[in-house]
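The analysis underlying the following values was restricted to heavy atoms, covering all of them including side chains, and did not include hydrogens, waters or symmetry mates.
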Amino acid sequence: MSEIIKITDFHAPELDVYARLREIQLFNRHEPEKGIFIAESPRVIERALDAGCVPLSFLSEEKYLEKEAKDLLGRCGDIPVYTAEMDVLVQITGYKLTRGMLCAMRRPSLRSVEEVCAGACRIAVLEHVVNPTNVGAIFRSAAALHMDAVLLTPDCSDPLYRRSVRVSMGTVFQIPWTWLDQTDEWKKSGMGLLKKLGFRTVAMALTEDSIPIDDKKLLSEKKLAVILGTEGDGLAADTIADCDYRVRIPMAHGVDSLNVAAASAVAFWELGKTQSSRK
């Protein structure tokens with residue numbers, strides 16, 4: 001049984017990883033094998049464990065240690081287990097956690113683009129999507145609506161930032177994903193890599209030559225890469241020009257566009273229809 005350590009002081013050093021290290025410090029881009037992320041809530045922790053993520057420490061309200069946390073702790077091995085009252089947890093998260101528990105975990109090793117895309121027929125590509133809430137929401141939609149993988153340019157928000165993981169409900173551990181090469185390389189050769197892997201590329205963009213998302217030509221394509229751009233500005237002009245298709249979601253009431261996370265859900269549902277019939 002892991003050692004149970006009661007924390008009463010928000011400033012206790014044991015809470016540094018949960019309360020005071022910034023996301024970029026946890027990420028540890030220079031030594032990714034030492035990177036850490038924080039999983040919040042039983043469902044998210046469970047999905048991270050199911051994906052093989054290695055737990056480092058656990059933090060929970062004491063009243064949950066013999067309830068919801070018990071089975072999770074049984075899977076975590078001999079790691080430190082910290083307990084704290086809700087007022088301490090609220091200082092860490094900024095809000096009241098439902099069934100309050102958090103787990104610090106080692107970041108999983110990333111696979112190559114080729115490995116992630118092996119056998120995939122529908123993938124999502126995120127270009128400079130910088131809001132972690134949007135990244136998490138896109139992952140949740142991708143997992144639910146028949147996308148096989150997600151690729152991100154390096155200037156996107158990290159899918160393992162705490163907010164992204166929480167908003168995704170842990171689906172970042174269920175759908176394969178990885179980073180594309182450096183931003184300059186994405187601009188130079190990223191599109192070529194997707195085409196080399198057999199994908200026809202779809203730019204979600206409002207252009208004069210864009211076609212409706214329910215166009216039958218799209219559904220007939222065996223392999224599609226759906227490319228979504230940054231909040232506000234959308235996709236880069238070069239990316240749009242290089243894509244095989246430029247696609248729009250028909251709008252009503254004079255609305256010209258959707259938030260990128262909302263647009264992703266519509267796009268994944270429509271373009272993933274053929275996938276749903278195969279599964």
Side-chain angles (χ1 to χ4, degrees), residues 23-24 26-37 39 47-54 105-130 132 134-136 138-161 164-165 168 170-204 221-230 235-236 238-239 242-244 264 267-268 271-272 275 278-279:
E23 295 279 15
I24 195 65
L26 294 175
F27 190 172
N28 201 345
R29 191 181 286 268
H30 296 296
E31 295 181 276
E33 70 281 358
K34 296 181 181 179
I36 296 171
F37 70 91
R47 286 177 170 170
L49 291 171
D50 288 346
C53 296
V54 177
M105 294 183 159
R106 184 72 66 199
R107 291 181 68 95
S109 298
L110 286 175
R111 288 177 283 177
S112 68
V113 172
E114 289 80 2
E115 289 172 323
V116 164
C117 292
C121 293
R122 295 288 186 271
I123 66 171
V125 181
L126 309 189
E127 180 185 271
H128 192 49
V129 178
V130 297
N134 283 335
V135 170
I138 291 169
F139 264 83
R140 190 171 182 180
S141 293
L145 301 173
H146 312 296
M147 294 294 108
D148 299 311
V150 179
L151 304 178
L152 304 97
T153 61
D155 48 8
C156 285
S157 179
D158 179 18
L160 294 186
Y161 279 175
S164 293
V165 173
S168 82
T171 54
V172 293
F173 308 114
Q174 294 181 306
I175 185 167
W177 66 272
T178 196
W179 299 101
L180 288 153
D181 285 337
Q182 296 300 315
T183 302
D184 288 344
E185 290 302 313
W186 157 245
K187 292 177 180 178
K188 292 177 183 177
S189 58
M191 200 69 66
L193 175 59
L194 293 176
K195 293 180 179 181
K196 181 180 178 181
L197 293 173
F199 290 96
R200 299 276 280 174
T201 49
V202 175
M204 298 301 299
E221 293 285 2
K222 182 178 179 182
K223 299 178 72 171
L224 284 177
V226 185
I227 308 178
L228 298 135
T230 186
L235 290 171
D238 289 348
T239 301
D242 289 341
C243 279
D244 297 304
S264 75
F268 299 162
L271 300 178
Q275 292 300 93
R278 293 171 183 164
K279 295 181 179 178

Next on the checklist: Is any side-chain heavy atom of Ser164 closer than 4.5 Å to one of Val172?
Outcome noted: no

Next on the checklist: Checking Ser112 against Thr178 for the side-chain contact (heavy atoms from CB on, under 4.5 Å) test, could you report, in this order, the C-alpha distance in whole Å, the side-chain angles of both residues, the deciding distance, and whether it holds?
Outcome noted: CA-CA 7 Å; Ser112 68; Thr178 196; over 6 Å; no

Item to check | Phe173 vs Val165 side-chain heavy atoms within contact, under 4.5 Å | outcome: yes

Checklist entry - Taking side chain as C-beta onward, heavy atoms only, is Ser264 less than 4.5 Å from Phe139? => result no

Checklist entry - From Ser168 OG over to Arg47 CZ, what is the distance, rounded to the nearest 0.5 angstrom? => result 8.0 Å

Checklist entry - Less than 4.5 Å apart, any side-chain heavy atom of Asp50 and any of Gln174? => result no

Checklist entry - Between Leu152 and Leu180, is any pair of side-chain heavy atoms under 4.5 Å apart? => result no

Checklist entry - Between atom NZ of Lys196 and atom OG of Ser189, what is the distance when rounded to the nearest 0.5 Å? => result 10.0 Å

Checklist entry - OG/Ser141 to CG/Leu228 distance, rounded to the nearest 0.5 angstrom? => result 10.0 Å

Checklist outcome for this item: Separation between CZ (Arg107) and CG (Leu160), nearest 0.5 Å, reads 4.5 Å

Checklist entry - At what distance, to the nearest 0.5 angstrom, does CG of Leu193 lie from CZ of Phe199? => result 9.5 Å

Item to check | Minimum heavy-atom distance between Met147 and Ile175, given as atom pair plus value | outcome: O-CD1, 3.4 Å

Next on the checklist: Quick one, Leu49 with Met105, criterion side-chain contact (heavy atoms from CB on, under 4.5 Å). Give me CA distance, side-chain angles, the key distance, then yes/no.
Outcome noted: CA-CA 9 Å; Leu49 291 171; Met105 294 183 159; 3.6 Å; yes

Checklist outcome for this item: Of all heavy-atom pairs linking Thr201 and Cys243, the shortest is OG1-CA, 3.3 Å

Checklist entry - Where is the tightest heavy-atom contact between Ser157 and Val130, given as atom of each residue plus distance? => result CB-O, 3.4 Å

Checklist entry - Considering only heavy atoms from C-beta outward, does the side chain of Arg111 approach that of Trp177 to under 4.5 Å? => result no

Checklist outcome for this item: Distance col, row Leu126:CG vs Cys156:SG, nearest 0.5 angstrom, shows 5.0 Å

Next on the checklist: Determine whether Glu114 and Leu197 satisfy the following criterion, side-chain contact (heavy atoms from CB on, under 4.5 Å), listing intermediate values before the conclusion.
Outcome noted: CA-CA 8 Å; Glu114 289 80 2; Leu197 293 173; 4.1 Å; yes

Checklist entry - Can any side-chain N or O of Asp148 pair as donor or acceptor with the backbone N or O of Arg122 at less than 3.5 Å? => result yes

Item to check | side-chain contact (heavy atoms from CB on, under 4.5 Å) assessment of Glu221 paired with Leu271 | outcome: CA-CA 9 Å; Glu221 293 285 2; Leu271 300 178; over 6 Å; no

Checklist entry - What heavy-atom pair brings Cys117 and Leu151 nearest, and what distance separates the two atoms? => result SG-CD1, 4.0 Å

